[in-house]
Peer 1: 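Pasting in a structure now, in structure tokens, and then I'll have a few things to ask.
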Amino acid sequence: MPNQPDVLEKLVSLCKRRGFIFQSSEIYGGTGSVWDYGPLGVELKKNIKDRWWNAMVRARDDIEGLDAAILMHPRVWEASGHVATFTDPLVDCSNCKKRFRADDPKIKGTPGQPDGQCPACGMKGTLSEPRMFNLMFKTFMGPVEESASVVYLRPETAQGIYVNFLNVQQSTRQKVPFGIAQIGKAFRNEITPGNFIFRTREFEQMEMQFFVEPGTDMHWFDYWKEQRMEWHKSLGLDPARLLFHEHTKQELAHYARAAFDVQFDFGGTLDFQEIEGVHNRGDFDLARHQEYSGKKLEYFDQPNNKRFLPYVVETSVGADRTALAVLVNAYKEEKVEGEDEGRTVLALHPSLAPIKAGVFPLVKKDGMPEFAEKLTKELRKSFPVFYDESGAIGRRYRRQDEVGTPYCITVDGQTIADGTVTIRNRDTLQQERVAAEHVGEIIKARIGS
Ligand code: GAP
């Protein structure tokens, strides 16, 4: 299969220049692998989260929404297995002081042994024995910094769902099978973060836990696998760049009985990488919380008069990683027929585009700016619009192409005469003339979701 081009560096620069994504605390030299979303980035990410929430919660009657707190009782993370097993083996180089994962393929020889060679400085015998390092961020609750007051920033949102399983089930009177979904921040002190927003220390997850009767779990696992792949395609991700990766026994997380990743081809050396995990978690989590809390978490099946601990099928996707996939997938540099200068275009699915339409008066006179401003105001009631009257019209089109705006509306001399405007399509570059009073409805219908 041909390798997709590496567009990451160009994207990082476009994202900064146009206000999608900035390095966190940049004026202080930046914070390691933490990023801020600018005016356009926050819209893009919100659109992705809305698409997920609509598909998972609003369009169905068997999934309920939740927004659990980031800080939880510390026992939660003992029960979940994160305190004991959410760790990576690390080695340090005593010469250059760099730190690596012990399984880093760039390490030559065996860490801790004379032949262990540092991938950074090239010295032999300077790598330490592997030491386990927990990925959870620790902090203190209350005024006293002592071990009794340690709390963790959650490394996944899922646990907030498990501890609320009965609250949600009983308050909504849902019957198994049903799911609970939430979107929220998660934190991991990653050893090898990087590749822009691909792997960061603070990120957002969109997770759904589907509670099912034991024995039906593989049926639901297959169901959710397919549903989630279809969702990624519905965002406009190229199907040729998407595939499933089944976890081997060695790859399975401590809670999983079976797992598939949805992978996307990010191009360059990143190649195919996980964007979402679909996991059959069995009753691992509910059983552990039942054991650690001493509270029964069984579901009562009234028609069959029996109690059982449901199994869980989880779908877990990163909002930031999806945003990166969407951006990489959309980034194009094109030649334009009849023009010397090419164009950079973000061919974003219209439902994800931060700005849905640009409105331009062709020139700054003859009543065109007034007409265009009035139209902008009207359209803003329905979707985000950018008004631009500065510079040559071609340049204004290019500025919108680069941020993925699917439609540009131009108010020209004919508009003043007969009330029509042109709509230019970002992808085909075709222009059509329509009555200004219909332009809002036309674009709304095309944006879809
Ligand atoms: N609750 C299960 C869970 O958290 P995971 O495979 O560790 O599973 C799920 O994470 C998704 O969260 C990943 O597929 C990825 O999209 C996102 N994710 C995980 N760690 C991340 C990080 N450090 N930076 C950005 N996204 C991350």
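Quick caveat, the model's predicted, so the values are computed rather than measured. Whatever order the structure lists them in is the order used to number ligands and atoms, beginning at 1.
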Peer 1: If you measure from the Lys or Arg side-chain nitrogens to the Asp or Glu carboxylate oxygens, is any gap between Lys233 and Glu230 under 4.0 Å?
Peer 2: yes

Peer 1: Compute the centroid of each ring, for His245 and then for Phe272, and state whether the two points are separated by less than 6.0 Å.
Peer 2: no

Peer 1: Would you call Arg281-Glu156 a salt bridge at under 4.0 Å N-O?
Peer 2: yes

Peer 1: With a 4.0 Å cut-off, would you call Lys49 and Glu204 a salt bridge?
Peer 2: yes

Peer 1: Measuring from Glu64:CD to Gln182:CD, what's the distance to the nearest 0.5 Å?
Peer 2: 13.5 Å

Peer 1: Please report the shortest heavy-atom distance between Ile48 and Ala323, naming the atom on each side.
Peer 2: CD1-CA, 3.5 Å

Peer 1: Of Glu204, Gln273, His279, Arg154, which has the heavy atom at the shortest distance from atom 8 (O) of ligand 1?
Peer 2: His279

Peer 1: Applying a heavy-atom cut-off of 4.0 Å, say which part of Arg199 lies close to ligand 1: side chain, backbone, both or neither.
Peer 2: both

Peer 1: Between ligand 1 and Glu274, is the shortest N or O to N or O distance under 3.5 Å?
Peer 2: yes

Peer 1: Could you work out, for atom 22 (C) of ligand 1, the closest of Tyr255, Phe187, Trp35, Phe203 by heavy-atom distance?
Peer 2: Phe203

Peer 1: Report, in ascending order of atom number, the atoms of ligand 1 lying under 4.0 Å from any heavy atom of Glu207.
Peer 2: 1 (N), 2 (C), 3 (C), 4 (O)

Peer 1: Any idea which atoms of ligand 1 are less than 4.0 Å away from a heavy-atom of Arg281?
Peer 2: 1 (N), 2 (C)

Peer 1: Which part of Phe264 is near ligand 1, with near meaning a heavy atom under 4.0 Å away: side chain, backbone, both or neither?
Peer 2: neither

Peer 1: Do any nitrogen or oxygen atoms of Pro155 lie less than 3.5 angstrom from nitrogen or oxygen atoms of ligand 1?
Peer 2: no

Peer 1: Looking only at protein heavy atoms, which one is nearest to atom 24 (N) of ligand 1, and how far off is it?
Peer 2: Thr200 N, 3.0 Å

Peer 1: Could you list the residues that satisfy side-chain contact (heavy atoms from CB on, under 4.5 Å) with Pro406, not counting sequence neighbours?
Peer 2: Pro350, Ala353, Arg426

Peer 1: Only one of Arg396, Arg424, Lys332 forms a side chain to side chain donor-acceptor pair (under 3.5 Å) with Asp401, so which one is it?
Peer 2: Arg424

Peer 1: Provide the number and element of each atom of ligand 1 under 4.0 Å from a heavy atom of Glu276.
Peer 2: 14 (O)

Peer 1: May I have the list of side-chain donor-acceptor pairs in residues 121-132 shorter than 3.5 Å, sequence neighbours left out?
Peer 2:
residue: Ser128; atom: OG; partner: Asp92; partner atom: N; Å: 2.9
residue: Arg131; atom: NH2; partner: Asp92; partner atom: OD2; Å: 2.4

Peer 1: List the closest protein heavy-atom neighbour of atom 7 (O) of ligand 1: residue, atom name, distance to the nearest 0.1 Å.
Peer 2: Arg188 NH1, 2.9 Å

Peer 1: Under 4.0 Å from any heavy atom of Phe198, which atoms of ligand 1 are there?
Peer 2: 24 (N), 25 (C), 26 (N)

Peer 1: So which protein heavy atom does atom 2 (C) of ligand 1 come closest to, and at what separation?
Peer 2: Glu314 OE1, 3.1 Å

Peer 1: Output the list of atoms in ligand 1 that are nearer than 4.0 Å to some heavy atom of Glu190, sorted by atom number.
Peer 2: 20 (N), 22 (C), 23 (N)

Peer 1: Looking at atom 9 (C) of ligand 1, what's its closest protein heavy atom, distance included?
Peer 2: Ser316 OG, 3.0 Å

Peer 1: Give me the nearest non-hydrogen protein atom to atom 12 (O) of ligand 1 as residue plus atom name, then the distance to 0.1 Å.
Peer 2: Gln205 NE2, 3.3 Å

Peer 1: Output yes when Glu334 and Arg343 qualify as a salt bridge under the 4.0 Å nitrogen-oxygen rule, no when they do not.
Peer 2: yes

Peer 1: Consider every N or O of Ile275 and every N or O of ligand 1, then say whether any pair is closer than 3.5 Å.
Peer 2: yes

Peer 1: Is any NZ, NE, NH1 or NH2 atom of the basic residue among Arg75 and Glu78 found under 4.0 Å from an Asp or Glu carboxylate oxygen of the other?
Peer 2: yes

Peer 1: Identify, by atom number and element, the atoms of ligand 1 in contact range of Glu156, meaning under 4.0 Å from any of its heavy atoms.
Peer 2: 1 (N), 2 (C), 3 (C), 4 (O)

